[in-house]
Structures are given as structure tokens and as C-alpha cells.
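Report on the following structure.
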Amino acid sequence: MTVTVQLFARARDLAGTSSLELDLSEAATVGELREVLISQEPRLTPIARTLLVAVDGEYAANDAPVREGAEVACFPPVSGG
Amino acid sequence: MTVTVQLFARARDLAGTSSLELDLSEAATVGELREVLISQEPRLTPIARTLLVAVDGEYAANDAPVREGAEVACFPPVSGG
Amino acid sequence: MSETNQARLHVELTDGPIDFAALTEEVRSPAAGAVVLFLGTVRELTNGRRTVALDYEGYPEMAKAKMLELCRGAAEKWPVVGARVVHRLGHLELGDVSVAVAVSCPHRKDAFEAGRFLIDRLKEIVPIWKKENWADGSTEWVHPGSEFTTELS
Amino acid sequence: MSETNQARLHVELTDGPIDFAALTEEVRSPAAGAVVLFLGTVRELTNGRRTVALDYEGYPEMAKAKMLELCRGAAEKWPVVGARVVHRLGHLELGDVSVAVAVSCPHRKDAFEAGRFLIDRLKEIVPIWKKENWADGSTEWVHPGSEFTTELS
């Protein structure tokens with residue numbers, strides 16, 4: 001399946017785009033999504049370790065599933081306020 | 001010497017006046033002032049135990065001196081805010 | 001010494017409404033990343049009893065001196081950029097602002113602590129008193145630590 | 001249930017100045033004796049480096065959902081009468097207000113704790129990021145916990 005990943009802040013700047021399409025297996029997890037993201041966009045490597053993943057508006061751990069049509073976002077630690 | 005004592009809040013209400021003149025000895029202390037105050041104005045007795053005394057704008061303990069011309073005020077525990 | 005290093009402190013007693021927005025503006029500064037404003041407002045219920053109004057009385061000169069002393073104390077304990085303490089006196093209706101404390105610091109932890117210190121200590125040492133006007137028509141001076149009967153007005 | 005018992009909660013993202021006076025008015029209530037307003041403002045110095053401006057970016061839908069989640073969390077922990085959380089996005093100059101938290105409770109201890117909770121947690125979980133515009137012309141995303149080099153713009 002294809003999943004669109006939104007990128008924010010330094011992640012968007014490094015990738016040079018605010019969204020990426022990733023090809024994932026049908027039973028993909030957040031962990032697999034991370035691997036595919038970095039291999040497809042190696043410029044994100046410097047922040048790979050601290051990148052956060054949100055699925056449908058909630059922070060998601062590596063073992064969480066990614067379903068077709070889910071809203072996925074990847075971004076560095078937050079710094080608002 | 002004669003000292004004028006300002007009264008506030010419930011102390012003023014009980015005494016029915018916002019200031020009183022007290023006759024004190026020349027070497028009077030705050031403790032003596034309290035005694036003279038209550039004996040001259042016994043309607044203050046209900047709050048005698050909790051009455052605070054300020055001399056020249058500072059809270060004063062019973063052993064503090066009261067000098068002629070000092071600005072003296074007596075009032076209950078504060079409740080601003 | 002630059003303005004940045006001078007704690008700008010100001011206190012006031014007023015008989016009218018407190019312009020808390022102006023106070024907040026006054027303590028804002030590029031030297032401060034955090035502003036905390038505290039407002040005390042007239043609450044309807046106290047221990048289940050209904051208030052319709054409060055009357056505040058002060059010993060003005062000493063009250064202002066103590067409020068300024070508290071600001072100076074806060075500026076010694078925390079890196080205060082600006083502080084304002086204003087207390088209203090007279091007759092206040094439900095919801096009215098009786099006291100405002102505004103303080104700014106470089107960081108939020110200090111601003112919260114300084115604001116909390118200012119209002120906590122104000123309630124302990126600043127010679128101002130409030131009289132409750134209860135819904136049942138009685139009035140009562142609030143004097144913490146003293147026991148007294150209600151005076152029917 | 002009366003309005004008094006309903007915690008009135010509202011969050012907002014804005015591209016313009018935050019009207020913190022209006023937010024403060026909105027949480028005032030005769031049910032609350034205490035209002036705490038916190039403002040985060042753009043500070044000139046950070047660890048000795050001089051900032052000239054900040055750019056804030058957010059993930060809007062999730063940011064608003066998380067801000068509302070925090071308000072609900074505060075209302076579960078403390079007797080919150082009203083709460084407002086507003087964050088500004090875009091380009092902010094020195095001294096500008098980037099975030100405002102307003103909260104009211106019957107008593108001041110709760111209002112201070114709830115206000116502190118809201119801003120502390122906002123900085124931990126709400127997906128908003130700031131980019132420093134340093135006086136030396138470089139820019140730098142602020143991402144706590146990550147190490148990265150400065151990008152000269």
C-alpha cells in the first residue's frame with residue numbers, strides 16, 4: 001500500500017518537501033515505515049534517531065500498525081511555547 | 001506621652017472610631033500600649049488576642065518601644081487578596 | 001546597568017477597576033520569555049455560603065510599602081524583569097478583580113514561582129481586610145485566625 | 001449541570017497577535033476566585049546568543065487536538081472553571097507573545113498548578129516547532145534532545 005507522510009520543521013527542510021509517498025507492506029508497522037522513510041530519503045538520517053511518528057493525530061510507537069488511508073506525520077521533538 | 005492609634009477593619013467597627021488617643025508612659029512598649037488600649041476601649045477585648053500592632057509602618061512585637069510621635073496602628077489579621 | 005538588569009517594580013492601590021491588560025503589557029520585555037499574571041476575583045461561594053459583594057479596606061501607606069517590599073523580595077529571589085502589584089479597595093461586586101500581580105522573568109519556572117510568592121505573601125502581610133456581604137444580609141470581616149460572631153447589618 | 005460546573009475549555013492557533021486580555025476575560029467567572037495567565041514571549045538572549053526573531057510552525061490539527069487534550073486533563077486534575085490555550089504561528093519579533101494560557105479555578109493554588117501544567121505539557125507534546133533567527137544571520141530549528149549543526153541561511 002501507499003502511505004503519504006507529512007514532514008514538519010527540520011524534517012521538511014532536510015527532505016526538501018512537506019510530504020512523501022512511501023510504499024509499505026500491507027501489515028506495515030511504524031517501525032517499518034521509519035526504515036522505508038530513511039532509505040527513500042537518506043537526507044533524514046541525521047535526525048532518524050529522534051524522529052517522532054504520529055498516526056491519525058496520536059504519537060505512535062514502532063510496533064503500532066499503519067493502516068491504508070491513515071494520516072501519518074514525521075517530525076523532530078517539539079519546541080513550541 | 002500621648003500616642004494616636006489608628007484602627008482598621010473590625011477593630012474600628014468594634015471601637016466605633018478610626019483613631020484613639022492613648023496616654024502612655026515615656027518608656028512605653030507595644031505590650032503596654034496593648035494593655036492601655038484594651039483598658040480604655042474594652043469593646044476591643046474580643047479581638048485583643050489576635051490584634052496586630054504596627055509602628056511606623058512595621059509590624060512590632062510586644063517588647064518594641066513606642067516613641068513619641070510614632071505612627072501607630074492596631075488591626076486584626078489581614079485578609080486582602 | 002542596562003534596563004534589562006533593573007527589575008522594574010511598581011505597586012498601587014486603587015478605588016476603581018484594575019486594568020490588568022495594561023499591567024501585563026508593562027512587565028513584558030524582550031529580556032523576559034515568560035509573563036505570569038494572577039488575578040484575585042470576587043467568588044460567589046465560600047465554604048458553601050453565598051456572597052453578593054465584598055468591601056475592602058486598607059491601611060494605605062503601610063500596604064503600599066509592604067507590597068513594594070514583596071516585589072523587592074521577589075526580585076532578590078528570582079531574576080525578575082518587571083513586577084506589578086495592584087490591589088483594589090472599596091466595594092466590589094461578584095467577579096470583580098480585587099488584586100492583580102504581574103511578573104516577568106527570563107524563564108517560566110521563575111515567573112510562576114515569583115507570581116505565587118507575591119500573592120501568597122500579600123495575603124499574609126499586606127494590611128488590607130475584606131468584609132463579606134453574605135446573601136442572607138449579614139456582613140462579616142474576614143480575619144484569618146480569629147473567631148468572631150457574625151454581625152447582622 | 002450549571003455553567004459553574006462545566007469547565008469551559010477552548011484552544012486556538014493563530015497567525016496574528018494573541019489578545020491575551022480577551023482570553024483572561026473569557027475565563028473570569030464568579031465561580032472562580034483565581035485567574036492565572038501565562039504568556040510566552042520572544043526572548044532576546046538564549047544561552048548568551050542573541051535572537052532577532054522566531055518562526056513557529058505547527059501541525060495544526062494534531063496541535064489543536066493535543067492542546068484540547070491538555071485542557072481536559074487539567075480539568076480532570078483541578079477544579080477548572082475555564083481554560084484557554086492559544087499558540088501563535090509564523091514569524092514573531094522580539095517581545096511578541098507566542099503562547100498564552102489562561103485558567104481560572106475557585107482557589108489560587110489550583111489555578112497556578114493548572115496553568116503550570118498546561119504550559120509545561122504543551123512544550124512536551126504539542127506538535128509546534130520554533131526556528132531561531134540568530135543575530136549573526138544563521139537560523140536553527142530548536143529540537144530538544146537532538147543534536148544538529150547550525151544551518152547558515
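Only a predicted model underlies this, so the values are computations on that prediction, with no experimental measurement involved. A note on names: the letters A, B, ... follow the listed sequences, proteins ahead of strands, and every chain is numbered from 1.
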Item to check | N/O donor-acceptor pair under 3.5 Å between C/S29 side chain and D/G95 backbone | outcome: no

Checklist entry - Pick from C/A34, C/A21, C/G40: which one has the most heavy-atom pairs with chain D under 4.5 Å? => result C/A34

Checklist entry - If you tally heavy-atom pairs under 4.5 Å against chain C, which of D/V42, D/I119, D/D96, D/L94 wins? => result D/I119

Next on the checklist: For C/F112 and D/F112, take the angle between the two ring planes, folded into 0 to 90°, and tell me which bin it lands in: parallel under 30, tilted 30 to 60, perpendicular over 60.
Outcome noted: perpendicular

Next on the checklist: Would the distance check show the side chain of C/R43 and the main-chain N or O of D/A31 forming a donor-acceptor pair, the cut-off being under 3.5 Å?
Outcome noted: no

Item to check | Worked verdict on D/T24 versus C/F20 for side-chain contact (heavy atoms from CB on, under 4.5 Å) | outcome: CA-CA 9 Å; D/T24 309; C/F20 58 81; 3.6 Å; yes

Checklist entry - Is it the backbone or the side chain of C/V36 that comes under 4.5 Å from a heavy atom of chain D, or both, or neither? => result both

Next on the checklist: Show me the pairs that pass salt bridge (Lys or Arg N to Asp or Glu O under 4.0 Å) and involve residues 26-39 of chain C, at least two apart or across chains.
Outcome noted: C/E25-C/R28, C/E26-C/R84

Checklist entry - Does C/D120 come within less than 4.0 Å of D/K109, counting only side-chain N to carboxylate O? => result no

Item to check | Reported CZ-to-CZ distance for the pair D/R108 and C/R116, which is rounded to 0.5 angstrom | outcome: 6.0 Å

Next on the checklist: At a 4.5 Å cut-off on heavy atoms, which part of D/V97 comes close to chain C: side chain, backbone, both, or neither?
Outcome noted: both

